[in-house]
Amino acid sequence: MKIRIKGNSLRYRLTKSEVELFSKEGYLEEKTHFPSHVFTYALEAKKDISELQASYSNDKISLFFPDSEKEKWFQSDQIGYESSMNLENEMTLKILVEKDFVCLDHIDEDQSDNFPNPNLTC
C-alpha cells in the first residue's frame, strides 16, 4: 500500500494482493520507522458509513472504508473510491483509495502485483 499526501489531499494505492486481503480481512497497515517514532497508515473497513472518512492521531493516519463495499471492490472493475471531508475553517480533506496500476512509464519498481493498466495496449 502506498500513500500520497499533498496539501489537503490524501491518496492510498493498493496492489492486487492488498485489495484481495482487504476484501477478506477489512484491515491493512503500513509502517515507516524513524529514529524516535513510527509513522503508521492504515485502511480499515467500518460499518455504518457510506463514504470514505479519515482520522489522524498518535502518528497514525486511519482511512475508513465502507464495510459494505470492501468485497465488491475486489471483484469489480471499479478503480477506487473518493470523497471529501469537511474540516474546520471551511477547509476540506480530499480522500482517494484506488487500485495501483502498472505504470506506463518505465520505473525501477516491482510492479508484478499491480493491476493491469487499462491504458496499456499490447
Side-chain angles (χ1 to χ4, degrees):
M1 180 166 63
K2 297 179 197 173
I3 187 172
R4 185 175 190 178
I5 301 170
K6 182 173 181 180
N8 275 16
S9 177
L10 178 62
R11 179 171 71 179
Y12 285 5
R13 284 183 155 174
L14 284 71
T15 63
K16 287 189 288 188
S17 60
E18 289 169 335
V19 173
E20 182 177 18
L21 181 62
F22 179 70
S23 75
K24 294 175 183 173
E25 311 250 335
Y27 188 80
L28 285 177
E29 179 178 278
E30 290 283 343
K31 294 178 184 263
T32 303
H33 297 264
F34 293 92
S36 61
H37 290 282
V38 176
F39 171 69
T40 305
Y41 56 103
L43 181 63
E44 181 176 343
K46 185 176 179 182
K47 294 185 185 300
D48 301 322
I49 62 171
S50 58
E51 58 184 27
L52 300 173
Q53 297 176 355
S55 71
Y56 177 76
S57 65
N58 299 320
D59 295 326
K60 181 179 180 179
I61 296 174
S62 296
L63 258 180
F64 300 102
F65 190 96
D67 186 71
S68 61
E69 295 293 316
K70 73 179 193 290
E71 291 176 28
K72 294 177 197 174
W73 187 34
F74 175 65
Q75 298 170 1
S76 76
D77 290 334
Q78 184 165 345
I79 294 169
Y81 293 80
E82 78 178 288
S83 65
S84 293
M85 284 182 61
N86 292 326
L87 306 173
E88 296 176 4
N89 301 325
E90 299 181 19
M91 297 178 74
T92 59
L93 175 65
K94 182 179 176 185
I95 307 166
L96 177 63
V97 176
E98 62 187 359
K99 294 174 178 174
D100 198 7
F101 292 113
V102 172
C103 293
L104 296 176
D105 298 333
H106 176 71
I107 61 167
D108 291 331
E109 177 182 314
D110 180 12
Q111 299 185 68
S112 61
D113 192 29
N114 289 18
F115 289 87
N117 193 312
N119 294 323
L120 187 63
T121 55
C122 298

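Note that the structure is a prediction, hence the values are computed from the model and not measured.
Put simply, CD on E69 and OG on S76 are 8.5 Å apart, with the number rounded to the nearest 0.5 Å. One finds the CD atom of Q53 at 11.0 Å from the CG atom of L93 (value rounded to the nearest 0.5 Å). Atoms CG and OH, on L52 and Y12 in that order, are 10.5 Å from each other to the nearest 0.5 Å. Atoms CD and CD1, on E98 and I79 in that order, are 7.5 Å from each other to the nearest 0.5 Å. With rounding to the nearest 0.5 angstrom, the CZ atom of R13 is 8.5 Å from the CG atom of L96.
In this structure, F65 has its ring center closer than 6.0 angstrom to the ring center of Y81. Aromatic rings from Y27 and F22 are positioned such that their centres are separated by 6.0 Å or more.
When all heavy atoms of E18 and T15 are compared, the closest pair comes out as OE1-N, 2.8 Å. Nearest heavy-atom pair, S23 versus K70, reported as atom, atom and distance to 0.1 Å: CB-O, 3.3 Å. Of all heavy-atom pairs spanning L63 and I95, the tightest one is CD2-CG2, 2.9 Å. Counting all heavy atoms, side chain and backbone alike, I49 lies closest to P66 at O-CB, 3.4 Å.
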* Please step through side-chain contact (heavy atoms from CB on, under 4.5 Å) for the pair N8 and T92, ending with a clear verdict. => CA-CA 7 Å; N8 275 16; T92 59; 5.8 Å; no

* Could you go through the side-chain contact (heavy atoms from CB on, under 4.5 Å) check for I61 and L10 one step at a time? => CA-CA 10 Å; I61 296 174; L10 178 62; 3.8 Å; yes

* Yes or no on side-chain contact (heavy atoms from CB on, under 4.5 Å) for F64 and S55, after CA distance, side-chain angles and deciding distance? -> CA-CA 8 Å; F64 300 102; S55 71; 3.6 Å; yes

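Tested against T40 for a side-chain contact (heavy atoms from CB on, under 4.5 Å), the candidates E30, H33, K31 yield a single pass: K31.
Listed for the W73 side chain is no donor-acceptor partner under 3.5 Å among the backbone atoms of V19. Between the side chain of Y41 and the main chain of T32, no donor-acceptor pair closer than 3.5 Å is present. Side-chain atoms of K6 do not come within 3.5 Å of backbone N or O of R11 as any donor-acceptor pair.
Ion pairing of K47 with D67 is present here, as a side-chain N (NZ or NE/NH1/NH2) and a carboxylate O approach within less than 4.0 Å. Between K60 and E29, at least one side-chain nitrogen of the basic residue sits less than 4.0 Å from a carboxylate oxygen of the acidic one, meeting the salt-bridge criterion. Salt bridge annotation for E20-K16: absent, with no cationic side-chain nitrogen under 4.0 angstrom from a carboxylate oxygen.
Note on M85: it clusters hydrophobically with I3, by side-chain heavy-atom contacts below 4.5 Å among ILVMFWY residues. Both F39 and L28 belong to a single network of hydrophobic side chains, linked directly or stepwise wherever heavy atoms of I, L, V, M, F, W or Y lie under 4.5 Å apart.
Two residues are said to be in side-chain contact when any heavy atoms from C-beta on lie closer than 4.5 Å; L14 and L21 fail this criterion.
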